[in-house]
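Worksheet: the structure to be examined is printed underneath.
Below, all heavy atoms of this structure are taken into account, side chains as well, without hydrogens, waters or symmetry copies. Lettering of chains follows the sequences in order, A, B, ..., and the numbering in each one begins at 1. Model, not experiment: these values are computed from the prediction.
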Amino acid sequence: MTMKNFIEELKWRGMLHQDMPGTEEHLLEKMRSAYVGFDPTADSLHIGNLVPIMLLAHYQRCGHRPIALVGGATGMIGDPSGKSSERNLLDEKTLRHNQECVKAQLGHFLDFESDAENAAILVNNYDWMKEISFLEFIRDVGKHITVNYMMAKDSVKNRISSESKEGMSFTEFTYQMVQGYDFLHLYRENETTLQMGGSDQWGNITTGTELIRRISGGKGYAITCPLITKSDGSKFGKSEGGNVWLDAKRTSAYKFYQYWLNTSDEDAEKYIKIFTFLDKETIDSLIEEHKEAPHVRVLQKRLGEEVTVAAHGKEEYEKAIAASNILFGKSSSDDLKILDEQTFLDVFDGVPQATVSKEDIDNGLDMIGALAAKTNFLNSNSDARRALKENAVSVNKEKVKEDFLITSNDLIANKYVLIQRGKKSYFLLNVK
RNA sequence: GGUGAGAUACUCAAGCGGCCAACGAGGGCGGACUGUAAAUCCGCUGACUACGUCUUCGCAGGUUCGAAUCCUGCUCUCACCA
């Protein structure tokens, strides 16, 4: 089996931040195993985790074996990297639950199932860490690393010195040892010779290679990828609602797709290389196409498609497209009325709702009542009047005036009325 | 403890007896334009039974036909001096 040059691949995709000398040659020799750690602090990964996931996925496509390590043990300690304060600890039951969820999500990107030589493996460091006693650990592992070495790491320095008043517990100080031990363990058990991670993980990873060298006399390698930024300076992976999660229950496929679609032009060029498996020629021609007609947003659309299909599947992606067309396209009230109830609810998932009685509708519901008096969608009747005067209000996608009355003719699926203020705020009237 | 300055809407900040629901800026919202972007332009931004009425300018009283504006007390903030 010939290996595709993984380092080469990372370079043109802009995913290589640092690599340990000799890594490229090491990977070209034959199939190697590499791992990335995932933190099971929640029952879902978010798109911030997507970069390390893609590292593994690209790695597998280059012919190597990816290992996803769920940090059951390390998650109990908390990584001090980039954290200014002590972290809360999770109990074992929560961790186990989270691990199961994370595992399912990784399956969308990595091939765990096939019997190919380089099928992905999932491991949990709790499984080996729980057997080790404290005495054993400090004698067999701790003996090999000096405190001086550990103190020199940025993650530790930042917390102990300078303006940080919080200090750092012994537990967090130990973190790098525990993570380092993972590498040693995988090196011994699975012939894992490479650890990858975000650039903030460099310090932790090198503690691992150090342990491998000192204890086993072997050689471990390291690759880090840059932290993903957004050109406008805001944080990647956050929308108004908080994190963008991979779990559809937390972030609907529609919102997930929208997040990618709203990427700025500049970022889209970067992201399409990182978050999709498209080859260089395809991406180059897409970028070319995008430059000629930026308003068509081919880059954003393709990016959204690739990532959404990967994370949620083709069907969910198509629903997201349909929803997007309804919300942002030139859809009319007729388009809305065709929708079945379930699709309708999916599209307007998370939109504020209020219930009004059937009689109100039969008598004809005036717009002040629909917007404020009976529903509290807007803060006050004045606000409602203002919105109407501004020509901002639509019922079922059609602009209405102050004297409009909602009647049973306006019901969608016989029980809903869609009200809008402006382009972006939607309200759903539920008729009972 | 002493002296001085201040407290105005989401934020900053005018106003210092009637023309004040309160200038202006930022923010927010809406409209036009547009690519579901950026920039730009325009409008709105206390409430209500709405050409009018009511409640708001730290809190409580008072003077006056009339107070955010003047007086008294209180609370808090800031600056300077002990």
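- Atoms CG (A/L378) and P (B/C48) sit 11 Å apart, rounded to a whole Å.
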- line: Its contact letters, B for base, S for sugar-phosphate only and - for none at protein heavy atoms under 4.0 Å, make nucleotides 31-38 of chain B read S-BBBBS-
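- Between A/L388 atom CG and B/A50 atom P there is a gap of 15 Å when expressed in whole angstrom units.
- Comparing B/G6 with B/A38, their C1' atoms are spaced 41 Å from each other, to the whole Å.
- Judged as a side-chain contact (heavy atoms from CB on, under 4.5 Å), and not counting sequence neighbours, the contacts of A/A68 are A/F38, A/L56, A/L106, A/L122.
- Both tests hold for A/R61 against A/F277: distance to the six-membered ring centre under 6.0 Å, angle to the ring axis within 45°.
- Nucleotide B/G28 holds its C1' atom 12 Å from the CZ atom of A/R386, rounded to whole Å.
- With C1' as the reference atom, B/U8 and B/A21 are 12 Å apart, rounded to whole Å.
- A/L371 places its CG atom 16 Å from the C1' atom of B/C44, with the value rounded to the nearest Å.
- Comparing B/G31 with B/A37, their P atoms sit 12 Å apart, to the nearest whole Å.
- Taking only side-chain nitrogens and oxygens, A/R385 never comes nearer than 4.0 Å to OP1 or OP2 of B/G30.
- The same atom, P, is picked in B/G46 and in B/A22; the two are 9 Å apart, to the nearest Å.
- The partner of B/A67 is absent, by the rule that a Watson-Crick or G-U pair needs both atom distances under 3.5 Å.
- Taking the C1' atoms as reference points, B/U36 lies 45 Å from B/G58, given to the whole Å.
- Between A/D279 and A/R13 no salt bridge is recorded (no basic side-chain N to carboxylate O distance below 4.0 Å).
- A distance of about 41 Å separates the P atoms of B/G18 and B/A39, rounded to the whole Å.
- When both pairing distances are held under 3.5 Å, B/A5 makes a Watson-Crick or G-U pair with B/U77.
- Closest approach of A/V123 to A/L186, counting heavy atoms only: CG2-CD2, 4.2 Å.
- A sub-4.0 Å separation between OP1 or OP2 of B/C44 and a side-chain N or O of A/S382 is absent.
- Both distances falling under 3.5 Å, in either a Watson-Crick or a G-U wobble arrangement, place B/A32 opposite B/U40.
- Shown here, B/A25 forms a base pair with B/U11; the pair counts as Watson-Crick or G-U wobble because both key distances fall under 3.5 Å.
- Between the P atom of B/C29 and the CZ atom of A/F427 lies a distance of 12 Å, rounded to the nearest Å.
- Base pairing analysis places B/A47 opposite B/U53; the two distances defining the Watson-Crick or G-U wobble pair are each below 3.5 Å.
- Along RNA chain B, the nucleotide nearest A/D383 and the nucleotide nearest A/S425 are compared for position; the residue whose nucleotide lies closer to the 5' end is A/S425.
- Rounded to whole Å, the P atom of B/A67 lies 33 Å from the corresponding atom of B/C78.
- Looking at A/L45 and A/W245, their side chains never come closer than 4.5 Å, going by heavy atoms from C-beta outward.
- For A/Y35 and A/F183, the ring centers are positioned less than 6.0 Å apart.
- Electrostatic pairing of A/D265 and A/K291 does not count as a salt bridge here, judged by no charged N lying under 4.0 Å from a carboxylate O.
- Between B/G61 and B/G27, the distance separating the two C1' atoms is 37 Å to the nearest Å.
- For A/R302 and A/E306, the salt-bridge test passes: some basic side-chain N is under 4.0 Å from an acidic carboxylate O.
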